[in-house]
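Worksheet: one structure, shown below.
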Amino acid sequence: MAKSERLLQLMQLMRLLSPPVQASQLAEELNVSLRTIYRDIDSLRASGAIIDGAAGYGYSLVEDTAMPPMLFNTDETEALVLGLREVIEVADPVLADAARNALAKLAASLPDRLSRQMQNSVLSAKRFHERPKITIDVAALRMAARNEQAVHIHYADAKGAQSERIIWPLSLVFMDHTLMLLAKCQLRQGFRAFRADRITKLTPTDQSFRPHRTSLLRDFLAELQAHDSADKTNT
């Protein structure tokens with residue numbers, strides 16, 4: 001690991017872990033020696049980070065000069081905390097870890113008063129029902145959508161009927177009880193919504209549909225809205 005990358009990871013660990021953080025814990029997390037941790041702490045201090053503590057006593061990140069102060073009011077801070085805590089509750093492990101890291105970075109970037117308000121937020125998020133188990137790698141599916149890369153899936157419908165198809169992943173939607181994938185299905189030559197828990201196998205292909213994801217998603221959402229308006233009119 002390059003030193004610059006290790007220093008960034010060390011800073012992130014000091015944002016995440018409860019202070020004072022022992023050098024031995026940092027060394028274990030980064031898989032380096034204690035001597036390396038001591039040298040890296042000195043490097044961070046030299047670059048402007050204010051780190052309290054010493055060898056044998058643990059370290060606390062007092063002021064993180066790498067993160068510029070961000071001015072949010074109380075309601076904005078509460079909204080950010082609630083949204084990130086909701087992601088931690090409902091998302092796949094990769095995205096949940098990203099939300100935890102974002103919370104730590106947010107806390108490090110706020111002035112002391114707002115940081116304390118954030119850590120003692122009156123809002124939280126909790127899901128008491130379990131979603132159906134998802135067996136595919138959702139992070140890989142997100143990446144395919146971002147890269148506008150077609151994927152080959154094995155899918156089981158509500159009756160258990162199996163099918164294989166090439167789809168263009170457009171968006172993932174977190175519903176109350178399941179995760180839905182909005183996509184352009186090449187088998188049916190139309191827009192389809194797939195339950196992620198019913199996708200039994202996912203394989204990215206080398207087929208690109210760039211740069212059509214944004215326009216296709218806009219068309220799909222317009223189609224859904226039109227159907228919804230028609231249903232309301234009929235009722």
Checklist entry - Do NZ/NE/NH1/NH2 and the carboxylate oxygens of Asp197 and Lys133 come within less than 4.0 Å? => result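 The answer is no: the pair does not qualify as a salt bridge.
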Would a 4.5 Å heavy-atom cut-off, applied to side chains only, mark [X] and [Y] as touching?
| X | Y | value |
| --- | --- | --- |
| Arg165 | His154 | no |
| Asp52 | Leu61 | no |
| Arg85 | Val81 | yes |
| Ser171 | Phe220 | no |
| Leu172 | Met180 | no |
| Ile153 | Ile167 | yes |
| Lys201 | Thr135 | no |
| Ile166 | Val151 | no |

What heavy-atom pair brings [X] and [Y] nearest, and what distance separates the two atoms?
| X | Y | result |
| --- | --- | --- |
| Tyr155 | Thr200 | N-OG1, 4.4 Å |
| Ile199 | Ile136 | O-CG2, 3.2 Å |
| Ala183 | Pro169 | CB-CA, 4.1 Å |
| Ala99 | Val87 | CB-CG1, 3.7 Å |
| Ala91 | Phe174 | CA-CE2, 3.9 Å |
| Gly53 | Arg45 | O-NH2, 2.8 Å |

Checklist entry - When the ring planes of Tyr59 and Tyr38 are compared, do they come out parallel, tilted or perpendicular, using 30° and 60° as the limits? => result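 The rings of Tyr59 and Tyr38 sit tilted, inter-plane angle from 30° to 60°.
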Item to check | CA sep, side-chain torsions, deciding dist, call: Leu44, Leu7, side chain to side chain contact (heavy atoms under 4.5 Å, CB included) | outcome: CA-CA 7 Å; Leu44 290 173; Leu7 291 176; 4.1 Å; yes
Same cluster (ILVMFWY, side-chain, under 4.5 Å), [X] and [Y]:
| X | Y | value |
| --- | --- | --- |
| Leu16 | Ile88 | no |
| Leu224 | Met175 | yes |
| Trp168 | Leu187 | no |
| Leu182 | Phe209 | yes |
| Leu181 | Ile134 | yes |

Next on the checklist: Test of understanding: with side-chain contact (heavy atoms from CB on, under 4.5 Å), list the residues that count as partners of Gln189, not counting sequence neighbours.
Outcome noted: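 Counting only residues at least two positions away or on another chain, Gln189 forms a side-chain contact (heavy atoms from CB on, under 4.5 Å) with Gln186.
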Item to check | Residues Asp157, Arg198; criterion salt bridge (charged side-chain N to carboxylate O under 4.0 Å, His left out); working and verdict | outcome: CA-CA 7 Å; Asp157 66 16; Arg198 291 180 181 164; over 6 Å; no
Looking at [atom1] of [X] and [atom2] of [Y], how far apart are the two atoms once the value is rounded to the nearest 0.5 Å?
| X | Y | atom1 | atom2 | answer |
| --- | --- | --- | --- | --- |
| Asp206 | Gln149 | CG | CD | 8.0 Å |
| Gln9 | Asn31 | CD | CG | 11.0 Å |
| Asp40 | Leu10 | CG | CG | 6.0 Å |
| Ile51 | Ile41 | CD1 | CD1 | 4.5 Å |
| Glu28 | Leu34 | CD | CG | 10.5 Å |
| Asp42 | Ser47 | CG | OG | 11.0 Å |

Next on the checklist: Evaluate Leu13 against Gln25 for side chain to side chain contact (heavy atoms under 4.5 Å, CB included), listing each step before the verdict.
Outcome noted: CA-CA 10 Å; Leu13 281 173; Gln25 184 177 5; over 6 Å; no
Mark yes or no for whether [X], through its side chain, and [Y], through its backbone, hold a donor-acceptor pair below 3.5 Å.
| X | Y | result |
| --- | --- | --- |
| Arg213 | Leu170 | yes |
| Arg192 | Lys184 | no |
| Thr178 | Arg195 | no |

With distance as the sole criterion, is a donor-acceptor pair present between the side chains of [X] and [Y] under 3.5 Å?
| X | Y | answer |
| --- | --- | --- |
| Ser208 | Arg210 | no |
| Arg15 | Gln12 | yes |
| Ser43 | Lys3 | yes |
| His212 | Glu148 | no |

Checklist entry - In terms of heavy-atom contacts, does CZ of Arg146 have more than 12 from other residues, nucleotides or ligands at under 6.0 Å? => result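 Yes, CZ of Arg146 has more than 12 neighbouring heavy atoms, counting only those of other groups under 6.0 Å.
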Next on the checklist: More than 12 heavy atoms of other residues, nucleotides or ligands under 6.0 Å from CD of Gln225: yes or no?
Outcome noted: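 Counting neighbours around CD of Gln225, 12 or fewer heavy atoms of other residues, nucleotides or ligands fall under 6.0 Å, so no.
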Checklist entry - Should Val32 and Ile37 be marked as a side chain to side chain contact (heavy atoms under 4.5 Å, CB included) after you check the CA-CA gap, both sets of side-chain angles, and the distance that decides it? => result CA-CA 7 Å; Val32 296; Ile37 293 297; 3.7 Å; yes
Item to check | Pairs touching residues 86-99 that satisfy side chain to side chain donor-acceptor pair (under 3.5 Å), sequence neighbours left out | outcome: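 Found Glu86-Arg127, Asp92-Arg142, Asp97-Arg100.
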